[in-house]
Number of protein chains: 2
Amino acid sequence: MPEKNRMSERRRQIVQFIHGYLREHGRPPTVRDIQRGVGVASTAVVKYHLDRLEKAGYVERAPRASRGLRLTSKALSWLGAAADEPVSSVVRVPIVGSIVAGEPVTAYPTFDADVDTLELTRDIISDTENVFALRVRGDSMVDASVHDGDVVILRQQEEANNGDMVAVWLEDDQETTLKYFYREGRYVRLQPANPAYEPIIKPAEVVRVQGKVIAIIRRLAA
Amino acid sequence: MPEKNRMSERRRQIVQFIHGYLREHGRPPTVRDIQRGVGVASTAVVKYHLDRLEKAGYVERAPRASRGLRLTSKALSWLGAAADEPVSSVVRVPIVGSIVAGEPVTAYPTFDADVDTLELTRDIISDTENVFALRVRGDSMVDASVHDGDVVILRQQEEANNGDMVAVWLEDDQETTLKYFYREGRYVRLQPANPAYEPIIKPAEVVRVQGKVIAIIRRLAA
DNA sequence: GTATATGATGAACGTATGTTCTATGTCAAG
DNA sequence: CTTGACATAGAACATACGTTCATCATATAC
């Protein structure tokens, strides 16, 4: 079976060329620049790969604008070109996956090349140690306060204080959920943000805190 | 006596616009972008000033190439722009104020020095035109989906499409609120995100859209 | 006055450039 | 063998965009 995350050599070539051209000329290349740069005979080939790269989130484009091309942070980190950005209060955070009912959050990963990343600034997260992001998928662990498609930023930790919003793995239900955390003796009360929902009360030993939510970002259709 | 190094206001405008455009879009502007940006009626005017600027060593151009334009270090230092800041994906957005019941959102401000700003990355907002941020204060216009302390990112616009989340000023109630927008004939239905709340229905003429919400950021206690 | 430089206008013109369409070859899955 | 993704080619099209030109107004210098 073909590796799912393998990006074709041609695509890597193109991203690399764009990056080089940008550094050299101070403007993005045209489709035909890329065509010559990577050595293909048709502009349609370039267009084809740019479409794929855009869909994969490596490139953003301004339709019909000449040189309307920009590399995303994902592409830059993919190139290992993070050295591009100097000082900057920009922080790159890995998106380790999605919250899906039935699966635990995977262990905090090393910075693999093709881990999806999210760029944030220190205006949003002040500290970057052990910070990671999760994309919320589906409604299973969601109440009115967190929606499908939201990105939650978490700091990895096993303990939580009362009132913290945490991602927890429930051993017995075999699922991850986002809730407010309250310790009550040998039990843990998991309180949905929406007061209309009933709290979940579990023995402490089946509740595994995976991380504490430090920010929630919701992007609406632009 | 006119100073020898005095550069016309128009020229300063143009250099400034190029610099801003570059930071926002990651590519140089076209002649027509500049034309609109500085408000002249003919592309020939832009060409004229670009020729002068090139001769004076403020810009370099690649003849006949679209967006074949780059600012020299001379231009950058002239602008007081700290050296050659590489095109960054960081965007600074003004926080124009808070949403408070009883007050309209102030008009979109010019970029004053002492406006509070928020740094975001393009991973969060892709476009920066007319984007501003509001801090949500109090609960008066809030439902379960937006909380006190949240920051909402908006693009300023007077119209809205059905389903957009917008900030609207209600003439008769004299207050601003965040709701989903639905046009229904001569009326507008303002739908809270929380289905448990009742929609507000108003005649279209008392509903003034102030901007469309493109992102919501909630920071929890670190 | 007559010059001369500066700044602006509107209308072209030519080509650079993104996009679309049709067609072809390869390769793995069924 | 057929089917369907993937990659490529070539040609044509529509328009985005740099450029040129003729014209006009307003200064300052001679």
Side-chain angles (χ1 to χ4, degrees), chain A residues 1-18 21-22 24-71 114, chain B residues 1-18 21-22 24-71 126-127 129:
Chain A
M1 56 196 86
E3 290 175 71
K4 57 183 276 193
N5 228 344
R6 179 146 163 270
M7 192 56 80
S8 81
E9 183 52 32
R10 185 68 86 195
R11 236 104 82 193
R12 164 160 237 128
Q13 237 182 314
I14 289 180
V15 172
Q16 223 147 29
F17 176 81
I18 294 173
Y21 189 100
L22 207 45
E24 198 180 325
H25 297 92
R27 61 178 184 274
T30 67
V31 169
R32 283 167 181 81
D33 289 331
I34 300 172
Q35 183 198 343
R36 280 186 294 271
V38 304
V40 293
S42 170
T43 59
V45 177
V46 179
K47 163 87 160 133
Y48 168 76
H49 288 293
L50 284 180
D51 287 340
R52 297 309 181 90
L53 284 167
E54 186 177 21
K55 206 157 298 174
Y58 290 88
V59 157
E60 286 174 9
R61 285 197 291 174
R64 284 184 317 284
S66 69
R67 304 173 193 273
L69 203 51
R70 115 189 309 154
L71 294 181
D114 37 275
Chain B
M1 274 296 132
E3 293 172 70
K4 60 185 262 194
N5 223 351
R6 179 154 160 268
M7 191 58 76
S8 82
E9 184 51 32
R10 187 68 87 195
R11 236 103 83 193
R12 164 160 239 127
Q13 239 182 312
I14 289 179
V15 172
Q16 223 147 30
F17 176 81
I18 295 173
Y21 189 100
L22 207 45
E24 274 188 34
H25 297 87
R27 61 178 183 273
T30 68
V31 169
R32 284 168 182 80
D33 288 331
I34 301 173
Q35 182 198 342
R36 280 186 294 271
V38 305
V40 293
S42 172
T43 59
V45 179
V46 178
K47 162 86 162 140
Y48 169 74
H49 288 294
L50 285 180
D51 286 341
R52 298 310 180 91
L53 284 167
E54 187 176 21
K55 208 154 296 172
Y58 289 89
V59 306
E60 289 172 7
R61 284 197 291 175
R64 285 186 319 286
S66 72
R67 304 175 193 273
L69 201 55
R70 105 193 306 170
L71 294 180
S126 48
D127 191 28
E129 299 281 346

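Labels below follow one simple rule: chain letters A, B, ... track the order of the sequence lines, proteins then strands, and each chain is numbered from 1. Reckoned from all heavy atoms, side chains included, excluding hydrogens, waters and symmetry mates.
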List the atom pairs, donor and acceptor, that lie under 3.5 Å between side-chain atoms in residues 38-47 of chain A and the rest of the protein, sequence neighbours left out.
from, atom 1, to, atom 2, distance (Å)
A:S42, OG, A:A44, N, 3.0

With sequence neighbours excluded, residues passing side chain to side chain donor-acceptor pair (under 3.5 Å) with A:Q16: none
Specify the separation, in whole Å, of atom CG of A:L69 and atom C1' of C:dA16. 16 Å
Whole-Å gap separating C1' (D:dA16) and CZ (A:R61): 16 Å
Classify B:R64 by what it touches in the nucleic acid, base, sugar-phosphate, or nothing, heavy-atom distance under 4.0 Å. sugar-phosphate
Distance (rounded to the nearest 0.5 Å) between A:L50 CG and A:I18 CD1: 5.5 Å
Each nucleotide in nucleotides 4-10 of chain D should get exactly one letter: B, S or -. Can you fill that in based on protein heavy atoms under 4.0 Å? --SBBBB
From NZ of A:K47 over to C1' of D:dA14, roughly how many Å is that when rounded to an integer? 14 Å
Between B:H25 and B:Y21, what is the ring plane arrangement, given parallel below 30°, perpendicular above 60°, and tilted in between? parallel
May I have the distance from A:R67 (atom CZ) to C:dG18 (atom P), rounded to whole angstrom? 7 Å
Could you check whether any side-chain heavy atom of A:Q35 comes within less than 4.5 Å of a side-chain heavy atom of A:T30, counting everything from C-beta outward? no
Rounding to a whole Å, what distance do you find between B:Q35:CD and D:dA16:P? 14 Å
For D:dA16, take OP1 and OP2 only and decide whether either is under 4.0 Å from a side-chain N or O of B:R32. no
To the nearest angstrom, the CZ-C1' distance between B:R36 and D:dC17 comes to 11 Å
Looking at A:S66, I'd like to know whether one of its side-chain N or O atoms comes within less than 4.0 Å of OP1 or OP2 on D:dC17. yes
Any donor-acceptor pair under 3.5 Å linking the side-chain atoms of A:Q13 with those of A:R10? yes
Whole angstrom value for the distance that separates C1' of D:dT20 from CG of B:D51: 11 Å
If I take atom CG from residue A:L22 and atom CZ from residue A:R70, how far apart are they, to the nearest 0.5 angstrom? 10.0 Å
Report the distance from atom CG of A:D33 to atom P of C:dT17, rounded to the nearest whole Å. 6 Å
Establish, with yes or no, whether the OP1 or OP2 oxygen of D:dC17 is under 4.0 angstrom from a side-chain nitrogen or oxygen of A:R27. no
